Amino acid sequence: MDGLWMIALLLLIPLLLWTSSTFVFYFKKCFYVAWMMLLALFAIPLCILKSGGRDVENMRIIRGLVRHVKYFLGLRFDVSGWEHLQTEGPYVIISNHQSSLDVLGLMEILPDRCTMIAKKELIYAGTVGLVCWLGGIVFINRKKTNDAKNVMADAAKTMLDDQIRLWVFPEGTRNQRGGLLPFKKGAFHLAVQAQVPIIPIVFSSYSNFYLRKEKQFNSGTIRLKILPKIDTKGMTSDDISSLSDKSFNLMRSAFHSISDSVTQSNGPSRH
Ligand SMILES: CCCCCCCCCCCCCCC(=O)SCCNC(=O)CCNC(=O)[C@H](O)C(C)(C)COP(=O)(O)OP(=O)(O)OC[C@H]1O[C@@H](n2cnc3c(N)ncnc32)[C@H](O)[C@@H]1OP(=O)(O)O
Ligand SMILES: CCCCCCCC/C=C\CCCCCCCC(=O)OC[C@@H](O)COP(=O)(O)O
């Protein structure tokens, strides 16, 4: 009889854990970090063999390796506006930033020869940090505006010399409080200095499946809306504020419209 009780308990404990949303939250988060670290470990030799070191072309390998991760986490992406990414030559992509999960959406639609601007601390994220470096990610020190400006001015030149696209998160940090944070100016200076278009991309709110405070990480659909490009030809530094305001207003209204429609199909949320 004791043996039967033991077996019943052994079966019941994992079942209870699995159905506990807090357990699922931590499990998915740990799995995500561990799996990305492991994928990055695979990516390192592949990138070195392909390009011999740091090269934006390595982003093809990284993109290919990351694209299946969404299935493990129960996430789906619903992308609209693909035609707006069919733009020749260099451009700056700007998007909202809610979580490190954004990497999954980013890799879903990442164009060729596109890399990112990221905070310098990311380079210390173990194997992921090394892969970011190998993928040509441009690291900036957010605490030293002048250093960041110089690095971005160099990036504007490299974009043109090497025909590279750059993805910037103009909010400058992750934001899950709903809506968009006021935009920092770096992405707009970058586009104007290089005289390249800006392509805004909006991720719908994650709050219908991912709630950090409430420890919930359910399955869900993320809408990604690629907006028409905004030309910067002929613009100067005097146009930065209006360019930033225009981009912000377009993205904010797209955020609310795609987040509302995703909420209606996935159930209740707050954003
Ligand atoms: C196999 C597994 C592999 C896994 C691999 C995973 C890879 C995925 C990686 C994904 C990476 C995601 C990383 C995301 C991040 O790290 S987000 C954080 C970092 N990014 C940013 O911060 C970008 C946005 N920030 C900016 O653009 C800022 O403007 C910045 C340049 C950092 C300066 O900061 P700050 O001083 O706080 O900003 P302001 O905007 O207020 O600017 C102050 C004044 O400076 C002027 N300015 C700004 N930039 C420039 C410039 N480039 N040139 C000239 N002048 C500039 C700005 O206009 C302000 O002056 P005024 O007030 O207008 O007079
Ligand atoms: C030495 C071990 C260090 C472990 C560090 C964990 C590494 C994370 C591993 C896997 C996650 C994969 C995706 C990583 C890309 C995350 C990019 C990101 O989201 O950075 C946050 C940054 O945009 C803004 O930072 P803040 O919101 O200002 O803060």
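Both ligands and their constituent atoms are indexed starting at 1 by order of listing. Everything quoted here is computed from the prediction, not taken from an experiment.
In Q193, the part holding a heavy atom less than 4.0 Å from any atom of ligand 1 is the side chain. With a 4.0 Å heavy-atom cut-off, ligand 1 is reached by no atom of L65. No part of T173 comes within 4.0 Å of ligand 1, judged by heavy-atom distances.
Using a 4.0 Å cutoff on heavy atoms, R142 counts as a contact of ligand 2. The closest approach between a heavy atom of V168 and any atom of ligand 1 is below 4.0 Å. The closest approach between A153 and ligand 1 stays at or above 4.0 Å for every heavy atom of the residue. A heavy-atom separation below 4.0 Å is found between Y124 and ligand 2.
G172 O, 3.4 Å is the protein heavy atom nearest to atom 18 (C) of ligand 1. From the protein, the heavy atom lying nearest to atom 33 (C) of ligand 1 is T145 CG2, 4.0 Å. Nearest protein heavy-atom contact of atom 32 (C) of ligand 1 is I140 CD1, 3.7 Å. Closest to atom 16 (O) of ligand 1, if we only count protein heavy atoms, is K119 N, 2.8 Å. Remark: minimum distance from atom 38 (O) of ligand 1 to any protein heavy atom is reached at K184 CD, 3.5 Å. The shortest contact between atom 17 (S) of ligand 1 and any protein heavy atom is with H97 CD2, 3.9 Å. Nearest protein neighbour of atom 9 (C) of ligand 1, counting heavy atoms only, is I137 CD1, 3.6 Å. For atom 48 (C) of ligand 1, the closest non-hydrogen atom on the protein side is H189 CD2, 3.7 Å.
Residues R113 and E57 are paired through a salt bridge, judged by an N-O separation under 4.0 Å between the basic side chain and the carboxylate. With salt bridges taken as basic N to acidic carboxylate O contacts below 4.0 Å, one links E121 and K143.
Closest to atom 5 (C) of ligand 2 by heavy atom, among A125, S99, A118, is A125. For atom 20 (O) of ligand 2, the candidate residues are E121, M36, Q176, K119; the nearest heavy-atom contact is made by K119. Across G172, S100, A40, heavy-atom proximity to atom 19 (O) of ligand 2 is greatest for S100.
Under the side chain to side chain contact (heavy atoms under 4.5 Å, CB included) test applied with F77, the options R223, K70, M107 reduce to a single match, K70. With V69 as the fixed residue, the side chain to side chain contact (heavy atoms under 4.5 Å, CB included) test singles out one of L101, L39, L75: L39.
Of all atoms in ligand 1, numbered sequentially from 1 with element shown, those under 4.0 Å from a heavy atom of R142 are 18 (C), 19 (C), 22 (O). Every atom of ligand 2 with a heavy atom of V103 under 4.0 Å away is listed here by number and element: 13 (C), 15 (C). Taking a cut-off of under 4.0 Å to the non-hydrogen atoms of T173, the atoms of ligand 2 that pass are 26 (P), 27 (O), 28 (O).
Put simply, atom 60 (O) of ligand 1 has no protein non-hydrogen atoms near it, under 4.0 Å away. Counting protein heavy atoms under 4.0 angstrom from atom 45 (O) of ligand 1 gives one or more. For atom 64 (O) of ligand 1, no protein heavy-atom neighbour is found at a distance under 4.0 Å.
In the model, T221 has no side-chain atom that pairs as donor or acceptor with a side-chain atom of D78 under 3.5 Å.
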* Given F23 and Y26, is the ring pair (Phe, Tyr, Trp, His ring centres under 6.0 Å) satisfied, shown in steps? -> CA-CA 5 Å; F23 173 76; Y26 284 114; 9.1 Å; no
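Counting only distance, with no hydrogens or angles, the side chain of Q86 and the backbone of E83 share no donor-acceptor pair below 3.5 Å. A donor-acceptor pair under 3.5 Å links the side-chain atoms of R142 to the main chain of G172, judged by distance alone.
Atom CG of L73 is separated from atom CZ of F27 by 10.0 Å, given to the nearest 0.5 angstrom.
In this structure, K120 fails the cation-pi test against F139, since its NZ or CZ atom is not both closer than 6.0 Å to the six-membered ring centre and inside 45 degrees of the ring normal.
At a threshold of 4.5 Å between non-hydrogen side-chain atoms, the residues I94 and I199 do not count as touching.
Distances between N or O atoms of G186 and those of ligand 1 include at least one value under 3.5 Å.
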